[in-house]
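We number each residue from 1, following the sequence as shown.
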Amino acid sequence: MLTSGNNSSHPMYFTLLGIPGLENSQFWVAFPFCAMYVVALVGNTTLLHVIRTDPTLHEPMYLFLAMLATTDLVLSTSTQPKMLAIFWFHDREIEYHACLIQLFFIHAFSSVESGLLMAMALDRYVAICFPLHHSSILTPAVVGKLGAGVMMRGLLWVSPFCFMVSRMPFCPIRIIPQSYCEHMAVLKLVCADTRVNRAYGLFVAFSVVGFDIIIISVSYGMILRTVLQLPSSEARLKAFGTCASHICVILAFYIPALFTFLTHRFGHHVPRVVHIMFAILYLLVPPMLNPIIYGVRTKQIRDRVIQGCCGKKC
């Protein structure tokens, strides 16, 4: 069962249990998860199509939104097909390298999503606090560099996870009591001192999420101060309205993400079923909600979708 390398041995595969404690209900639980995944696929693909085909939407806010939609497609697709195979077809085995690839995509693109939410907060800050200079500050080149920087941060920060895990020996037990390969879950199967890995995981989490949350908080603090100084109540409501959808997306991403991160390390008394359900929803709810929130709250996107569905006469 074990394949030996120069410095480590690893199993040929791991066994994913799905949702321990709900074995008899997993078949039916999969249906709402599948529906959410389909909504995420259709919603984000539609969002990308609308932004790509409409030149009037080639602005910073919508370019960041296209990046977010792409990230959501990668995040949801990296876990949901295998998870549905576990629930419906009892296909619980995942090959070792496939597990590491899944781990990499989950953590790298979670970092990318956090970075994009931070970049979108900066965009709202510039648009509201410096409206006359918005187009000159956030040019397409600057937007591209921000997107590339966020992507590179995610790839470079998360790559050591996989490298360090791949160089460590694993215990004979190869069962992961979850629905997908997550760093801490895989690390618990290692038969060696994992303090360096755990410390690096904490460093990445706090440096990425901590930095992004600080920038988001400062940006919205400045936005709030500027909006409250507007003379017209109508102008204040309009400004708040442009930020409302982004705030909803931020909350939908960070609340389950922080809950999952903290319970993995400190929530030993949290029931395993609760933890695993939050871990699943953390990678599924934001990709499903983001296109719905922006589609409903953003008039330009809503109008393009209605025109596409009903034809030009609508």
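- In terms of modelled atom types and a separation under 3.5 Å, the side chain of S179 and the main chain of G18 share a donor-acceptor contact.
- Side-chain atoms of E182 come within 3.5 Å of backbone N or O of A185 as a donor-acceptor pair.
- For T77, the side-chain contact (heavy atoms from CB on, under 4.5 Å) test picks out Y37, L41, P81, with sequence neighbours left out.
- Looking at residues two or more places apart in sequence or on another chain, you find a side-chain contact (heavy atoms from CB on, under 4.5 Å) between V204 and W157, F161, Y200, V208.
- The side-chain contact (heavy atoms from CB on, under 4.5 Å) test applied to P287 returns A40, N44, D72, S76, not counting sequence neighbours.
- Under a 4.5 Å side-chain heavy-atom criterion applied to ILVMFWY residues, the cluster that includes V38 comprises V42 as well.
- Listed by first then second residue, pairs satisfying salt bridge (charged side-chain N to carboxylate O under 4.0 Å, His left out) with a partner in residues 18-46 number zero, not counting sequence neighbours.
- Panel note: side chain T139, backbone V142; a donor-acceptor pair is recorded below 3.5 Å.
- Between the S25 side chain and the L22 main chain, no donor and acceptor come within less than 3.5 Å of each other.
- With sequence neighbours left out, the salt bridge (Lys or Arg N to Asp or Glu O under 4.0 Å) criterion links R304 to D54.
- The salt bridge (charged side-chain N to carboxylate O under 4.0 Å, His left out) contacts involving residues 93-115 comprise nothing, where partners must be two or more places apart or lie in separate chains.
- With hydrogens and angles ignored, the 3.5 Å screen pairs no side-chain donor or acceptor of Q80 with any backbone N or O of F33.
- Under the rule for a ring pair (Phe, Tyr, Trp, His ring centres under 6.0 Å), the partners of Y220 that lie at least two apart in sequence or sit in another chain are H246.
- With sequence neighbours excluded, the residues satisfying salt bridge (Lys or Arg N to Asp or Glu O under 4.0 Å) with R195 are D193.
- Applying the salt bridge (charged side-chain N to carboxylate O under 4.0 Å, His left out) test to pairs two or more places apart or on separate chains, none has a residue in residues 135-149.
- Using the six-membered ring where Trp is involved, F259 and F278 have ring planes that are tilted, between 30° and 60° apart.
- The salt bridge (charged side-chain N to carboxylate O under 4.0 Å, His left out) pairs that include a residue from residues 209-222 are R153-D212, where partners are two or more places apart or lie in different chains.
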Ignoring hydrogens and angles, write down the donor-acceptor pairs under 3.5 Å from the side chains of residues 103-110, residues two or more places apart or on other chains.
unit_1	atom_1	unit_2	atom_2	d
H107	NE2	H183	N	3.1
S110	OG	I106	O	2.6
S110	OG	Y282	OH	2.7

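- Exactly one of L224, V227, I128 qualifies for a side chain to side chain contact (heavy atoms under 4.5 Å, CB included) with C243. That residue is I128.
- Between the K82 side chain and the D91 main chain, a donor and an acceptor come within less than 3.5 Å of each other.
- Checking side-chain atoms of Y125 against main-chain N and O of I216 turns up no donor-acceptor pair under 3.5 Å.
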